[in-house]
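Lettering follows sequence order; numbering is per chain, from 1. The shown structure was predicted, so the numbers you read here are calculated from the model rather than taken from an experiment.
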Amino acid sequence: MDLTKNYDSLEEEPRIQEFWEKNKVYRFDPESKKKIFSIDTPPPTVSGKMHIGHAFSYSQQDFVARYKRMRGFSVFYPFGTDDNGLATIRLVESTKKVKGTRMDRQEFIDLTMEVLNEIRPKYIADWKRIGTSADFDVYYTTINEHCRRISQKSFIDLHKIKRVYKKFAPTLWCPECHTAIAQVELEDREKDTTLDYIKGKLEDGSFIIYATTRPELHPGCVGISIDEKGDYVKVKRPDGEIWAISKDAVEKMEEEFPMEIIKTFKGSSLAGKKVEIKFAERPVFVSHDISAETKYGTGVVYYCSYGGLDCVQWLARHPEAKPVRVMDESGTYTVGPCKGMMSEEARGKMLDELDREGVLIKKEKLHHTTNVHERCGTPIEYIATEQWFIRYLDLKDKFLDAGSRLNWYPPHMKNRYDNWIKGLQWDWCISRQRSFGIPIPVWYCKKCKEVILPDEKDLPIDPVKDRPKKKCRCGSTEFEPEKDVLDTWATSSLTPQIAASLFPKIYDKLYPMDLRPQAHDIITFWLFNTLVKSQLHNNINPWKDVMISGWALDPSGKKMSKSKGNMVEPQEVISKYGADCLRFWASGSKLGEDMPFMEKDLQTGKKMTTKLWNASKFSIMNLGDYKYRKMDAKKINAIDMWLLTKLNKMVKECTEYFDRYEYSKTKLEAEKFFWQSLCDNYLEIIKDRIYNPGNYTKEDIESVKFTLYTSLLYVLKMMAPIMPYITEAVYQLYFAKIEGDKSIHTSKWPEYDKDFVDEDAEKAGDLLVDVSSAVRKVKSEQKLALKTEVKKLTIKCDNNQKKLIEIVIDDLKAVTKAKEIVFGKETDKVSEAFNLGINVEF
RNA sequence: GGGCCCAUAGUCUAGUGGUUAUGAUGUCACCUUGACAUGGUGGAGGUCGCCGGUUCGACUCCGGCUGGGCCCACCA
């Protein structure tokens, strides 16, 4: 770089990045005596490409990391990738055109590892390119040996304290992925379907009418419920048929189905009645249940194993009803007329069958939301299988309490956490029926079925390949391996422990961590799960602070998604504007707020870069061979003191903002100081001193150079966390050799210095700016160039103002090009905008 | 249905119990001045979503409403 050129971020940034890497500027030194600030960096899921939302929130995290580093902390800022989950499997399946469930287990594992090793470096390169100041040597992938060991140890430890258990129970199941999934992996999908009204035959020949959205589950019907306190009726149809429905339902149905009430009674008199349900294995009995309400449907609910969470809960309340298995792991029906079909197809078939049997009376159009698996969009089923769970529903209060001990930035994000916990319905299902992932470290004794756990020192293990080192308690040496793997969240919920144990000697200094930065969409997944693990294992919170970023939205403020095709790729943006511009944009949103992505905002960052470069160019050229030494505040010129006062106040504010993770306000203040005070005014004011040093004393020149040097350096430092490239470029060009730090990013954050704060000087300078502004306005109105000389400038003001202006009168003359300045009353032009009037004679 | 967030010039946005309501972008006029035309100066553009209340005074605090967003639940 040299001063004559324009700054080209596209050319310079890769070079600067290389400089950082070569000099290991962001290296974490475990031996350092500095106080540690540890960050629980989110490990992005390796999925091909970084998206703009990543660029947005990772930039925001990085502002903080860089700030803390400059504040003198030894910043522990590791980097990991999350690559053991379903997302990875899907990536491999789609790029290699294979299907994990149909491949040999080991072959698929090998293939997946191969793909990961190939794409990972390219993927990480995007994070480096946006200027992430993590130490990329402090690295983990959630599938590597280190993570496998810690994750398996976590399983074993929780098993020992009986927090992990295995149970045959209905589970959320994805028929497409062939695996159990967790509540948090569900997504809503709007759907048009029908609510089907069906007749069940009572023993007296009358019919009880129930409505369902899942008629295909008839073979699995296990019961019918009503509200025992509700009002029900028997009605007579024109053809003589007798129906039993709730009283409330009559109103809704009688228009379409003429009916005459012949008897009114309480729901309780239906209880115990036997009902013949078509295609059900055996007759079911009417029972009371709290979930049945007369005002919904017909007031009669039919329950299947398993139509949904409600059915699962109903079965738990009705132990007399035994579940019937109707489908296999692929969601295929194994019994009844729909044998061999999946739910969608089965629904149509079953409706035809029911119609033919004469029990289908009505199909009502219904628009509702169903749960689908977020990874593949497949409607989920509930299937009873054997799964491993972490038992935590009993600890809701503990987690709520732990959550309230975290410092939330911004505070209202805690509500999402609380809301989630209050709504939890299931223990945490951690087993997945996949071949790729961290194996659940368990064998079963073939003889006595006892669970055999490996020794901690042997971890990680793969029970399919490895064998237990000792006999079962019953003496048997025959074992069955557990084939399931752990859900990826079971591992990624251990990132603080995973990262900290990369440096075992200082583990206690790293964990619990200082900060968890992340976006708001995964509060319920990652944040909550991490807290759970830390509480279960160590009874402590995993971090002190959590900082929640918002999302990057599309230009019209809509969420970006692949399906909508409104994604913006950061790579494109960077190759056009550079990383500083992207980061500048990301710094414009308040923490936690979503922000629409608009290309013109990148232009603003570009302008900022150019302005920083040009102002630096001007300053450096004119500082010449200036030897910096701290000046005595008493020897500083008034107008210089004006700027230094503003500078110090800005430093104080910006520091306070950054300590609260309010990087956007820091940026705002620093930008305002730089553009308005420094560039628009100060640089113009001092030009006469700079260009005509002969007209000034040595002290005047020393003062201006000291001020210019300090202000520019401070501005660069304040902006360094946000725009790390341009600030580094200028620092290297000029300041590095004087200041002695190898990088601006390891230099010290400026400190507020009260010696350089002078209220009178600030007021005087402000008056100067007001007057010169008014003069500019006059010149502009008269269509004159700003350099036009003023013969006589008259200022009308009070005595206090006069005294202040006199302090800076030479600078005022210089900046307004006024030959003469007088104070007086003979103003004929009073500017409305100012509380002082001026008169300008040319 | 529950919870949370948001509403400020055409667009995006800052902000505070009393100022002339911030900045960007766009727009209009002027200025090619020895850092910068990727610039500078100035102008126009707002009943701060609506309705009440508290207050001497509300864009700001409180309540309600409307609209938008997010999270959660449910729709048998």
Side-chain angles (χ1 to χ4, degrees), chain A residues 3 6-7 183 186 188 193 195-198 210-214 224-225 289 291-293 296-304 307-311 314 366-371 410 412-425 520-521 523-524 550-551 553 555-559 588-590 592-601 603-622 664-665 668-669 671-672 675-676 679-680 683-684 687 690-691 772-788 817 832-835:
Chain A
L3 285 173
N6 284 337
Y7 178 80
Q183 188 179 347
L186 299 180
D188 286 352
T193 183
L195 178 61
D196 308 310
Y197 290 69
I198 297 158
Y210 54 91
T212 177
T213 51
R214 302 281 318 257
I224 292 245
S225 279
D289 193 79
S291 71
E293 286 178 51
Y296 286 114
T298 62
V300 182
V301 196
Y302 114 126
Y303 290 98
C304 305
L309 183 58
D310 50 332
C311 296
W314 184 90
L366 185 72
H367 184 75
H368 76 156
T369 50
T370 49
N371 286 323
H412 72 257
M413 288 294 176
K414 179 175 177 291
N415 292 317
R416 300 202 185 191
Y417 171 90
D418 289 351
N419 224 13
W420 172 253
I421 294 176
K422 287 174 191 158
L424 268 181
Q425 309 252 27
H520 57 50
D521 53 334
I523 288 174
T524 56
W551 271 342
L553 306 174
S556 59
K558 295 264 182 315
K559 191 173 159 180
S589 114
K590 261 198 300 185
E593 297 276 295
D594 298 343
M595 194 166 58
F597 176 87
M598 277 183 276
E599 190 159 338
K600 66 179 174 65
D601 292 340
Q603 286 288 0
T604 314
K606 190 96 187 158
K607 282 187 178 182
M608 183 67 182
T609 319
T610 307
K611 193 77 174 175
L612 274 170
W613 178 251
N614 285 320
S616 301
K617 198 160 95 173
F618 172 81
S619 307
I620 293 167
M621 281 188 320
N622 290 302
S664 65
K665 290 187 183 166
L668 217 63
E669 288 304 315
E671 192 188 5
K672 209 167 87 185
W675 211 296
Q676 293 177 9
C679 293
D680 290 350
L683 293 186
E684 295 306 322
K687 274 181 180 169
I690 294 282
Y691 294 142
S772 88
S773 219
V775 173
R776 280 172 185 169
K777 192 176 169 182
V778 171
K779 286 179 179 175
S780 181
E781 277 166 352
Q782 302 194 13
K783 309 199 177 213
L784 294 165
L786 293 180
K787 64 174 177 183
T788 309
K817 309 278 179 199
E832 282 170 26
F834 307 99
N835 56 1

**OP:** Ignoring the backbone of A:Gln676, work out which of B:U11, B:U33, B:G23 is nearest its side chain.
**Re:** B:G23
Subject >> Nucleotide nearest A:Trp551 when distance is taken to its side chain, options B:C71, B:U11, B:U25 >> reply: B:C71
Subject >> Paired and unpaired positions of RNA chain B as dot-bracket, Watson-Crick or G-U wobble under 3.5 Å, | denoting a partner strand >> reply: (((((((..(((.....[....))).(((((.......))))).....(((((..]....))))))))))))....
Regarding [X], tell me which of base, sugar-phosphate or nothing describes its non-hydrogen contacts under 4.0 Å with the strands shown.
X        : value
A:Ile620 : nothing
A:Glu684 : base
A:Lys672 : nothing
A:Thr609 : nothing
A:Cys311 : nothing

What's the gap between [N] and [M] when it is taken at their [atom1] atoms, as a whole Å value?
N     : M     : atom1 : answer
B:U20 : B:U32 : C1'   : 33 Å
B:U41 : B:G69 : C1'   : 41 Å
B:U60 : B:G53 : P     : 14 Å
B:U16 : B:G26 : P     : 28 Å
B:U22 : B:C48 : P     : 14 Å
B:C74 : B:U13 : P     : 34 Å
B:C65 : B:G1  : P     : 12 Å
B:U47 : B:G42 : C1'   : 27 Å

**OP:** Could you pick out which residue, A:Glu671 or A:Thr212, lies toward the 5' side of RNA chain B when each is mapped onto its nearest nucleotide?
**Re:** A:Glu671
**OP:** For A:Asp196 and for A:Pro555, find the nucleotide of RNA chain B with the closest heavy atom, then tell me which residue's nucleotide is more 5'.
**Re:** A:Pro555
Subject >> Pairing residues for A:Lys665 by the side chain to side chain donor-acceptor pair (under 3.5 Å) criterion, not counting sequence neighbours >> reply: A:Glu662
Subject >> By side chain to side chain donor-acceptor pair (under 3.5 Å) - contacts of A:Lys607 (at least two apart) >> reply: none
Nearest-angstrom distance from the residue atom [atom1] of [X] to [atom2] of [N]:
X        : N     : atom1 : atom2 : result
A:His520 : B:C71 : NE2   : P     : 8 Å
A:Tyr7   : B:C36 : OH    : C1'   : 16 Å
A:Met608 : B:G23 : CE    : C1'   : 13 Å
A:Leu668 : B:U13 : CG    : P     : 14 Å
A:Met595 : B:G69 : CE    : C1'   : 16 Å
A:Asn6   : B:C36 : CG    : P     : 9 Å
A:Lys600 : B:A24 : NZ    : P     : 12 Å
A:Asp521 : B:G69 : CG    : P     : 18 Å

Pairwise N/O distances under 3.5 Å, protein to nucleotides 39-44 of chain B:
residue: B:G39; atom: O3'; partner: A:Lys611; partner atom: NZ; Å: 3.4
residue: B:G40; atom: OP1; partner: A:Lys611; partner atom: NZ; Å: 3.2
residue: B:G40; atom: OP1; partner: A:Trp675; partner atom: NE1; Å: 2.9
residue: B:G42; atom: OP1; partner: A:Ser773; partner atom: OG; Å: 3.3
residue: B:G43; atom: OP1; partner: A:Lys777; partner atom: NZ; Å: 3.3

Original post:
Within a radius of less than 6.0 Å around NZ of A:Lys414, do more than 12 heavy atoms belonging to other residues, nucleotides or ligands occur?
Top reply: yes
Subject >> Under the ring pair (Phe, Tyr, Trp, His ring centres under 6.0 Å) test, residues paired with A:Tyr210 that sit two or more places apart >> reply: A:His218, A:Tyr302
Subject >> Residue-phosphate contact under 4.0 Å: A:Lys590 side-chain N/O, B:G15 OP1/OP2 >> reply: yes
Original post:
Given side chains that start at C-beta, do those of A:Cys304 and A:Arg214 come closer than 4.5 Å, heavy atoms only?
Top reply: no
Original post:
How about A:Val775 and A:Lys779: do any of their side-chain heavy atoms sit closer than 4.5 Å?
Top reply: yes
Original post:
From A:Ile224 CD1 over to A:Tyr303 OH, what is the distance, rounded to the nearest 0.5 angstrom?
Top reply: 10.0 Å
Original post:
Do side-chain atoms of A:Asn622 reach the backbone of A:Phe618 as a donor and acceptor pair under 3.5 angstrom?
Top reply: yes
**OP:** Without swapping roles, check the side chain of A:Lys817 against the backbone of A:Thr788 for a donor-acceptor pair under 3.5 Å.
**Re:** no
Can you give me the N/O atom pairs linking the protein to nucleotides 2-5 of chain B at distances under 3.5 Å, or say none if there are none?
residue: B:G2; atom: N2; partner: A:Asn419; partner atom: ND2; Å: 3.0

